[in-house]
Amino acid sequence: MSQYKPSEIEPKWQAAWDDAGTFTARRDATRPKYYVLEMFPYPSGRIHMGHVRNYTMGDVVARYKAAQGFSVLHPMGWDAFGMPAENAAMATGVHPSTYTYGNIAEMRAQMKPLGLSIDWTREFATCDPEYYGQQQSMFIDMMAAGLVYRKAAVVNWDPVDMTVLANEQVIDGKGWRSNAAVERRELTQWFFKISDYSGELLSALDGLTNWPAKVRLMQANWIGKSRGLQFAFTTTGAPEGFDRLEVYTTRPDTLLGASFAAISPDHPLAKHLERHDPAVAAFVTDCRKGGTTAEALETAEKRGLDTGVRVLHPFDTSVELPVYIANFVLMDYGTGAIFGCPAHDQRDFEFATKYGLPIPLVFVAEGADEAPLSEAYVPMKSEKVRYIRGFTGDTVQTGDTAVTAAIAFCEAAGVGQGVTNYRLRDWGISRQRYWGCPIPVIHCAECGVVPEDKANLPIKLPEDVTFDIPGNPLDRHPTWRNCSCPKCGADARRETDTMDTFVDSSWYYARFTAPHATTPTVAEDAAYWMNVDQYIGGVEHAILHLLYSRFFARAMHKTGHLPATAIEPFNALFTQGMVTHEIYLTRDAAGRPIYHLPEEVTDGKLANGMPVDVIPSAKMSKSKKNVVDPMNIIASFGADTARWFMLSDSPPERDVEWTASGAEATYKHLSRVWALCSRIGEMPGGHVGVDDDAIARATARAVQDVTFGIESFTFNKAIAKLYEFTNILSRSNGSTPAMKTAIRTLAQLMQPMTPHIAESIWSYQGGSGLCANAPWPVADPALLASDTVILPIQINGKRRAEISVPKDMSPAEVEKLVLADDAVIKALGGAVPKKLIVVPGRIVNVVI
RNA sequence: GCCCAAGUGGCGGAACGGUAGACGCAGGGGACUCAAAAUCCUCCGCCUUAACGGGUGUGCGAGUUCGAAUCUCGCCUUGGGCACCA
């Protein structure tokens, strides 16, 4: 072995794996299967360090499980529909399809040099008609199963470009191109009935024990189960047909603190008044300004308009409350109408203060007196409070018991009923865009909305489209919309909405089990490969993508495309952190920031000597120029260095900072391993060393620790142990066979992280076959045991001494030794310790 | 605004409630070299001490415990998500 040259060995081993078909997944009834999946990428055209980190983690698991004897499925595909391709089309005129497939080719070419153990024969893109045609087929099945419907829903409307905008295209309430104030507008759109599964998606979270607790919690909060009271106010002065106003509240115990009622600007009553009252129309129109995000709605200034309508308090009809239209009441949640209890809700408090409404207290802190409030008093529901305007239950009780009692009281009194509500809304999948999966539905004047005949699938996107004017090219295409009704044969029009790209990513994991089948899935393949045993991706997908996938798997089961065992498709989930880098900044004459790429900066200075400001690490982004191109790293140090460094410095779930010094250090380490391998290879066969026993013990410990590190997803610790083992080995004087055995084991332990150098060492040191196919080493328990332990002695919790004792010495004997210790005798000064705590094998604490 | 998470040396990070700082980076000292780079050896939280040692220390403030980076409560800061970015 001459010198460590990654550029020579890496292509060589990649070719060897290819030739041997090492990573082709095969259904094998004789072996247990393991399905590793990383969230598939959007084909932006360039891979970035975040991809390297994500796919390296998955690769470690895939290679480790393969070495453990599993039949591994580790596929790769492309989340290829979406807005960037249309944006590129608008900017440069290139067709979204050309753009996307070009990007895929480039990214694939950049990913292959990483040496990932991917089965590339299963690759597909969601924009392949072969894929989205099967998606259309499932959509039709879901329609038949009652999981799809249409209703009106609001979108961001750009009144200048006359087009629908995505949330990210709305900047400070303005359209990104037109700069016009965005409005909320209602359109009839397609929905999946995810709300049918609200309760199940929530309760099934308990079974996902190998998911991060925080993801489960975020999903639970997102589904947002609440128990409350729904009841109707009787109205006075309301238009005909609005003599009752249904409201929902999670705090019925505060009913006697009500000082107003409020309805959403989108409430039917508001819409009715809008048509008859110019003041209401003006106010409601004003409320519809701005984007549709929850953030925009909730941070907007709270405003209301008194409708003149009054409602009677259900407990005391002599009390009349005004009904406001309020911009912070959401039509999507509950009934779109609330009663305001300003004393115990901050939004209501601000509203009441602004409009001079009374703020009656319902309860005060236990032991406190009634006093005017400067802000809403909102204690935890689990906290006991003293009710001043309670109407049922004890005077002093928790909010929780008061709510339960209030619901029971109201039900008995005939005022409304207890209702379980979910915050989760149905999934709106309509997109008024070109580059997505066409919704396979036809609008017929006679038959109404009719699903396309499955024989006509896939409904392909037309090629001849342009993006020179805003709006959906499908909508203005001269012929694509024209079709005949599958039911009656009359001339009809095709649906021009395409599907949310989250639909594409909600079932790709299932498609990988039979990627080119003529049905969405194949029962035998799905049965063998599902579920995904380990899913890995960014925490930014913790809610939407994962929740939609969980829903879709259930829908696929209901429509016969997945077995019942696959309704929770991801057995284990790991969410990895981002890759960050420092930001380098100078300013121009006008004080505007100019960002500089890392390679332009040396020792805090530009090439011309100008010093840069260093801004602490942030997610790599093109606009901040704090990006490191993995291709450059591979060119200078090799893929093994990039892979190792991405795993080494931080725990996988946390952000990792890319540093040039860290990458260099990794390269130096791999070079040292290479040099060590050379040295061992050149040892005379008969060399006799003195450290063979210690080497065997260190090897066993390394096997144990690295295995544990991989199993527990603490790759940084596995790598620390590999450093330790390498350091021990390079300082050891062992006999030739002992050294060879040890370094072969080192190669095997490194193989999941740095597969190329591992293969080189393995073959050079006489390993048989490919290292990637070698069975994972097992530690000999006898070599892990140790006879004595060092026991620290604490005096009053501070370490003062230590003793070495046999591992299994009884606590009583340890006590004797401790009391005979010089430091302990000195500290006691002849007194008897108050307490003596012996934690066997761990520590001793003497309390004086 | 709402939901979630994270804060430990100069830096990235270790630490079943049990010796805080494994491992790596940066830095100091030394060897090799005419010299430098590379490589190897060695030291390295802070204060104090000639040394042994002592004090102090895990964002801030309380609490539980023989013992808290770890558990509880309250704050501060930073990051992620908020339904049409993927």
Side-chain angles (χ1 to χ4, degrees), chain A residues 39-42 44 79 81-84 87 153 155-156 164-170 189 194 212-215 217-218 220-222 224 291-300 302 328 332 346-347 423-433 500-502 504-505 538-545 547-548 575 577-578 580 616-619 645 648-651 653-657 659 661-662 664-666 668-669 671-672 675 714 716-717 719-724 727 730 790-794 796-802 833-837 839 841-848:
Chain A
M39 291 179 184
F40 66 164
Y42 177 80
S44 62
D79 190 11
F81 275 135
M83 292 201 308
N87 294 341
V155 293
N156 299 304
V164 177
L165 298 179
N167 283 337
E168 70 159 8
Q169 295 172 322
V170 179
Q189 305 196 63
I194 192 171
K214 77 166 175 179
V215 173
L217 183 61
M218 284 163 86
N221 287 334
W222 188 256
T292 59
T293 63
E295 193 185 358
L297 297 173
E298 283 174 43
T299 52
K302 284 150 201 63
F328 62 90
D332 294 315
Q346 189 57 29
R347 285 177 307 187
R423 203 183 73 101
L424 179 66
R425 308 197 297 251
D426 275 331
W427 177 10
I429 60 153
S430 282
R431 297 293 180 271
Q432 294 72 38
R433 285 178 225 292
D500 179 4
T501 56
F502 273 124
D504 312 335
S505 55
V539 72
E540 66 272 19
H541 294 293
I543 298 175
L544 293 180
H545 162 62
L547 194 62
Y548 291 152
T575 54
M578 297 180 305
T580 64
S617 269
K619 180 177 183 167
F645 182 60
S648 67
D649 252 29
S650 291
E653 68 277 11
R654 252 195 265 175
D655 292 352
V656 63
E657 182 178 348
T659 60
S661 58
E664 274 165 38
T666 300
K668 283 182 192 173
H669 174 71
S671 301
R672 271 196 295 273
T714 48
N716 55 324
K717 286 189 253 171
I719 288 206
K721 297 300 178 183
L722 286 171
Y723 271 114
E724 272 179 9
N727 290 343
S730 61
I790 308 263
L791 227 44
I793 300 174
Q794 291 184 334
N796 287 340
K798 292 195 185 295
R799 198 192 75 97
R800 284 294 123 101
E802 60 183 36
K834 273 193 201 151
K835 212 167 180 182
L836 187 55
I837 293 145
V839 185
R842 300 295 306 187
I843 203 163
V844 180
N845 193 9
V846 186
V847 185
I848 294 170

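Naming convention: chains lettered A, B, ... in sequence-line order (proteins, then strands); numbering from 1 in each chain. Note that the structure is predicted; figures quoted are calculated from it, not measured.
- Straight-line distance between the C1' atoms of B/A31 and B/A37: roughly 16 Å, to the nearest whole Å.
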- Note on the structure: B/S/- along nucleotides 12-27 of chain B (protein heavy atoms under 4.0 Å) is SSSSB-BB--BSSS--

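- Inter-residue side-chain proximity for A/Val847 and A/Asn796 is flagged as met; some heavy-atom pair is nearer than 4.5 Å.
- Regarding A/His669, its NE2 atom lies at a distance of 13 Å from the P atom of B/U39, rounded to whole Å.
- With both ends at atom P, the span from B/C23 to B/C76 equals 38 Å, rounded to whole Å.
- A donor-acceptor pair is defined here as one N or O able to donate and one able to accept, closer than 3.5 Å; such a pair exists between the side chain of A/Asp426 and the backbone of A/Ile194.
- Nucleotide B/G9 carries a syn base; the chi torsion (O4'-C1'-N9-C4 or O4'-C1'-N1-C2) is within 90° of 0.
- On the P atoms, B/A36 is 16 Å away from B/G27, given to the nearest whole Å.
- When side chains are defined from C-beta on, A/Val539 counts as touching A/Lys214, because their heavy atoms get closer than 4.5 Å.
- Taking atom P on both B/G74 and B/G21, the two are 32 Å apart, rounded to the nearest angstrom.
- Of the C1' atoms belonging to B/G57 and B/G45, the separation is 8 Å, rounded to the nearest Å.
- Between A/Met578 atom CE and B/A5 atom P the separation is 17 Å, expressed in whole Å.
- Listed for the A/Asp655 side chain is no donor-acceptor partner under 3.5 Å among the backbone atoms of A/Gly577.
- Distance check on atom P: B/G30 versus B/U77 gives 47 Å, rounded to whole Å.
- Listed for the A/Asn716 side chain is no donor-acceptor partner under 3.5 Å among the backbone atoms of A/Asp649.
- Between A/Leu217 atom CG and B/G80 atom P the separation is 19 Å, expressed in whole Å.
- Using atom P as the reference point in both B/G9 and B/C60, the two lie 10 Å apart (nearest Å).
- The P atoms of B/G10 and B/A5 are separated by 29 Å, rounded to the nearest whole Å.
- For A/Arg433, the side chain to side chain donor-acceptor pair (under 3.5 Å) test picks out no residue, with sequence neighbours left out.
- In this entry the distance linking CZ of A/Phe645 with P of B/C11 reads 16 Å, nearest Å.
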- Message: Both atom distances under 3.5 Å, Watson-Crick or G-U wobble: I'd like the secondary structure of RNA chain B as a dot-bracket string, with | for pairs made across strands.
- Response: (((((((..(((.....[....))).(((((.......))))).((((....))))..(((((..]....))))))))))))....

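- Remark: P of B/G67 and CG of A/Leu836 are 15 Å apart, rounded to the nearest angstrom.
- With hydrogens and angles ignored, the 3.5 Å screen pairs no side-chain donor or acceptor of A/Arg431 with any backbone N or O of A/Asp500.
- Closest-nucleotide positions on RNA chain B for A/Val215 and A/Lys798 were compared, and the one nearer the 5' end corresponds to A/Val215.
- Between A/Ser730 and A/Lys835, the residue anchored closer to the 5' end of RNA chain B is A/Ser730, taking for each the nucleotide with the nearest heavy atom.
- A distance-only check finds a donor-acceptor pair linking the side chain of A/Thr580 to the backbone of A/Val656 [under 3.5 Å].
- Residue A/Glu664 holds its CD atom at 10.5 Å from CZ of A/Phe645, rounded to the nearest 0.5 Å.
- Straight-line distance from the NZ atom of A/Lys834 to the P atom of B/C66: 11 Å, rounded to whole Å.
- Residues passing the ring pair (Phe, Tyr, Trp, His ring centres under 6.0 Å) test with A/Trp427 are A/Phe192, A/Tyr548, sequence neighbours excluded.
- By the side chain to side chain donor-acceptor pair (under 3.5 Å) test, A/Ser671 pairs with no residue at all, sequence neighbours left out.
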Protein-nucleotides 83-86 of chain B N/O pairs closer than 3.5 Å?
unit_1, atom_1, unit_2, atom_2, d
B/A83, OP2, A/Ala294, N, 3.1
B/A83, O2', A/Arg425, NH2, 3.3
B/A83, N6, A/Arg423, O, 3.2
B/A83, N1, A/Arg425, N, 3.0
B/C84, OP2, A/Arg431, NH2, 2.8
B/C84, O4', A/Arg431, NE, 3.2
B/C84, O4', A/Arg431, NH2, 3.3
B/C84, O3', A/Asn167, N, 3.2
B/C84, O2', A/Asn167, N, 2.6
B/C84, O2', A/Asn167, OD1, 3.4
B/C84, O2, A/Arg433, NH2, 2.4
B/C84, N4, A/Gln189, OE1, 3.0
B/C84, N4, A/Ser430, O, 3.2
B/C84, N4, A/Gln432, OE1, 3.0
B/C85, OP2, A/Asn167, N, 3.3
B/C85, OP2, A/Glu168, N, 2.8
B/C85, O4', A/Glu168, OE1, 3.1
B/C85, O4', A/Glu168, OE2, 3.4
B/A86, OP1, A/Met83, N, 3.4
B/A86, OP2, A/Thr501, OG1, 3.3
B/A86, O5', A/Thr501, OG1, 3.4
B/A86, O3', A/Asp79, OD2, 2.5

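- Looking at A/Arg800 and A/Val846, their side chains never come closer than 4.5 Å, going by heavy atoms from C-beta outward.
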